[in-house]
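Take a look at the structure below.
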Protein chains: 2
Amino acid sequence: MATGRTHRPATRSRGIPEATVARLPLYLRALTALSERSVPTVSSEELATAAGVNSAKLRKDFSYLGSYGTRGVGYDVEYLVYQISRELGLTQDWPVVIVGIGNLGAALANYGGFASRGFRVAALIDADPAQTGKLVAGLPVRHTDELEEIVERNQVSIGVIATPAGAAQEVCDRLVAAGVTSILNFAPTVLSVPDGVDVRKVDLSIELQILAFHEQRKAGEDLGEAVARGTLPKAAEEAADRPGPDGDVPAVMPA
Amino acid sequence: MATGRTHRPATRSRGIPEATVARLPLYLRALTALSERSVPTVSSEELATAAGVNSAKLRKDFSYLGSYGTRGVGYDVEYLVYQISRELGLTQDWPVVIVGIGNLGAALANYGGFASRGFRVAALIDADPAQTGKLVAGLPVRHTDELEEIVERNQVSIGVIATPAGAAQEVCDRLVAAGVTSILNFAPTVLSVPDGVDVRKVDLSIELQILAFHEQRKAGEDLGEAVARGTLPKAAEEAADRPGPDGDVPAVMPA
DNA sequence: CCATCTTTGTGCACGCGTTCACAAAGACAT
DNA sequence: ATGTCTTTGTGAACGCGTGCACAAAGATGG
């Protein structure tokens with residue numbers, strides 16, 4: 001799904017489908033909100049609406065965790081919060097390092113959603129000596145030279161990469177070598193990691209591109225779609241027009 | 001009515017499966033890198049490796065776009081870049097507004113990956129009057145009051161929400177009312193939008209939680225996993241006290 | 001204790017996405 | 001031309017995820 005490695009067992013997650021795992025944080029968020037409002041119980045229908053999913057799907061998801069509901073009543077909010085937290089491993093403290101303290105890295109360091117869910121930013125690391133020592137989100141920025149020592153000393157198993165694309169693979173290699181086994185990658189690159197290391201990626205521009213696709217399709221439907229295909233403002237500068245579906249000899253690139 | 005519809009109505013997207021659309025930006029990125037190195041052609045095998053996917057999947061993905069390859073040779077890099085760009089709608093200019101210029105909003109405004117793919121940040125909008133007028137990424141921050149006018153004047157169809165969770169739905173409603181039909185949501189909330197409006201969400205803490213799940217599983221295998229599963233799901237339905245983690249800090253509004 | 005009502009948990013069917021495996025297409029050499 | 005070699009494009013099988021629909025479980029009331 002989001003890994004750099006090609007082969008992934010997928011349903012390796014001890015009976016819990018990967019798709020379900022991806023939704024558990026969603027349920028947890030909705031449940032936490034209910035908990036703060038002191039709501040004692042919630043039905044699958046209500047919770048599903050709050051989480052933005054189908055109620056049948058939610059019940060099936062929960063069924064993988066066990067029978068935690070009461071028929072005719074619903075689910076106990078506090079109990080469910082605890083069960084999901086435990087299943088996700090959020091009842092323990094996860095030290096995290098963030099590498100690359102640019103705009104994005106700083107935003108991540110300041111992101112409140114981490115601390116409230118068991119993640120603790122153990123250190124901020126940047127390659128720029130000018131940044132070293134600067135305080136970001138109350139933490140001093142450390143230099144890349146200290147990466148290995150920081151990871152090992154703090155028993156860090158999760159690393160966040162927010163560096164430029166060019167530096168990501170090297171940072172990744174060093175993190176893995178130092179003991180990190182889970183990586184959240186914000187750099188627009190495919191990371192290659194050894195087996196046993198999980199990589200999830202978040203690419204901001206990819207999400208926008210997917211939106212653009214659908215946006216174009218909407219516009220095309222409204223306008224008869226001839227516009228999108230026929231009127232190409234630019235981009236036709238270097239490449240010759242290619243109206244035909246195929247049959248074109250790929251010889252566009254000169255030498 | 002539209003609940004937090006994140007569900008896919010269908011795959012009637014011009015016959016191109018949603019999963020394929022989600023991978024096109026990945027291919028495009030890899031192809032762009034090849035293009036910069038002046039590589040004329042590439043085989044499905046090479047490109048698949050560069051993009052981090054299976055080669056058969058890549059070929060099938062491309063087959064939805066048309067027959068753009070040459071058997072025995074591979075794909076013409078420049079030609080393919082153009083075709084994918086066109087399919088994604090990146091040959092035209094997409095004005096985008098970013099609402100919520102906190103750490104994350106500023107990071108997004110400075111993110112170079114947008115401009116290089118046809119996205120133009122038309123305006124930055126924030127509700128804090130103290131921010132108004134401040135320059136971020138070379139653009140002045142405008143006040144929320146101007147939201148509707150900005151969207152309409154610039155024909156903005158894509159909006160990015162980087163506000164706190166509490167403000168997200170209202171901002172969303174106003175964006176939609178002003179004409180926005182695609183929203184990229186970074187706030188940890190389920191947005192409800194009318195039909196015809198696409199919403200994609202990016203939740204930074206959710207990704208970490210998924211990693212934590214797998215991380216715990218890895219550790220559990222090593223330690224015999226008796227620890228994590230110690231308490232069997234008995235009829236412990238009594239909503240008794242949860243001495244557990246306690247780390248349930250009521251901080252529903254990160255960001 | 002029985003009847004009724006609510007809501008869970010799940011068997012089942014269906015559709016999408018992935019992967020395999022191979023025939024067809026073209027390049028290239030002879 | 002003919003044959004060989006490479007690589008694409010795709011038919012088909014398979015597996016996962018989703019959603020329906022309903023029986024079982026428990027609450028609630030008489």
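These figures come from a predicted structure and were not determined experimentally. Reminder, nothing fancy here: chain letters follow the sequence lines and each chain counts from 1.
- Counting to the nearest Å, the C1' atom of D/dT7 and the CG atom of B/L58 are 12 Å from each other.
- Under the side chain to side chain donor-acceptor pair (under 3.5 Å) criterion, A/S182 pairs with B/E215, not counting sequence neighbours.
- The CG atom of B/L65 sits 12 Å away from the P atom of D/dT10 (whole-angstrom rounding).
- Among residues two or more places apart in sequence or in another chain, the side-chain contact (heavy atoms from CB on, under 4.5 Å) test is passed with B/A22 by A/I210.
- The list of ring-ring contact (aromatic ring centres under 6.0 Å, His included) pairs with a residue in residues 16-35 of chain A, not counting sequence neighbours, reads A/Y27-A/F62.
- Here CD1 of A/I158 is found 9.0 Å from CG of A/L184. Values are rounded to the nearest 0.5 Å.
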Review point. What string of B, S and - do you get for nucleotides 8-14 of chain C 5' to 3' if you count protein non-hydrogen atoms under 4.0 Å?
Key: BBBBB--
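- Checked against salt bridge (Lys or Arg N to Asp or Glu O under 4.0 Å), A/R59 has no partners two or more places apart in sequence or in another chain.
- The side-chain contact (heavy atoms from CB on, under 4.5 Å) search around A/N54 returns A/A56, A/K57, not counting sequence neighbours.
- The C1' atoms of five pairs define one axis at each end of the helix from C/dC1-D/dG30 to C/dT30-D/dA1, and these two axes lie 10° apart (to 10°).
- Annotation: side-chain contact (heavy atoms from CB on, under 4.5 Å) contacts of A/V73 (sequence neighbours excluded): A/T41, A/T70.
- Checked against side-chain contact (heavy atoms from CB on, under 4.5 Å), A/E45 has the following partners two or more places apart in sequence or in another chain: A/S43, A/S55.
- One can place NZ of B/K57 at 13 Å from C1' of D/dG15, the figure rounded to the nearest angstrom.
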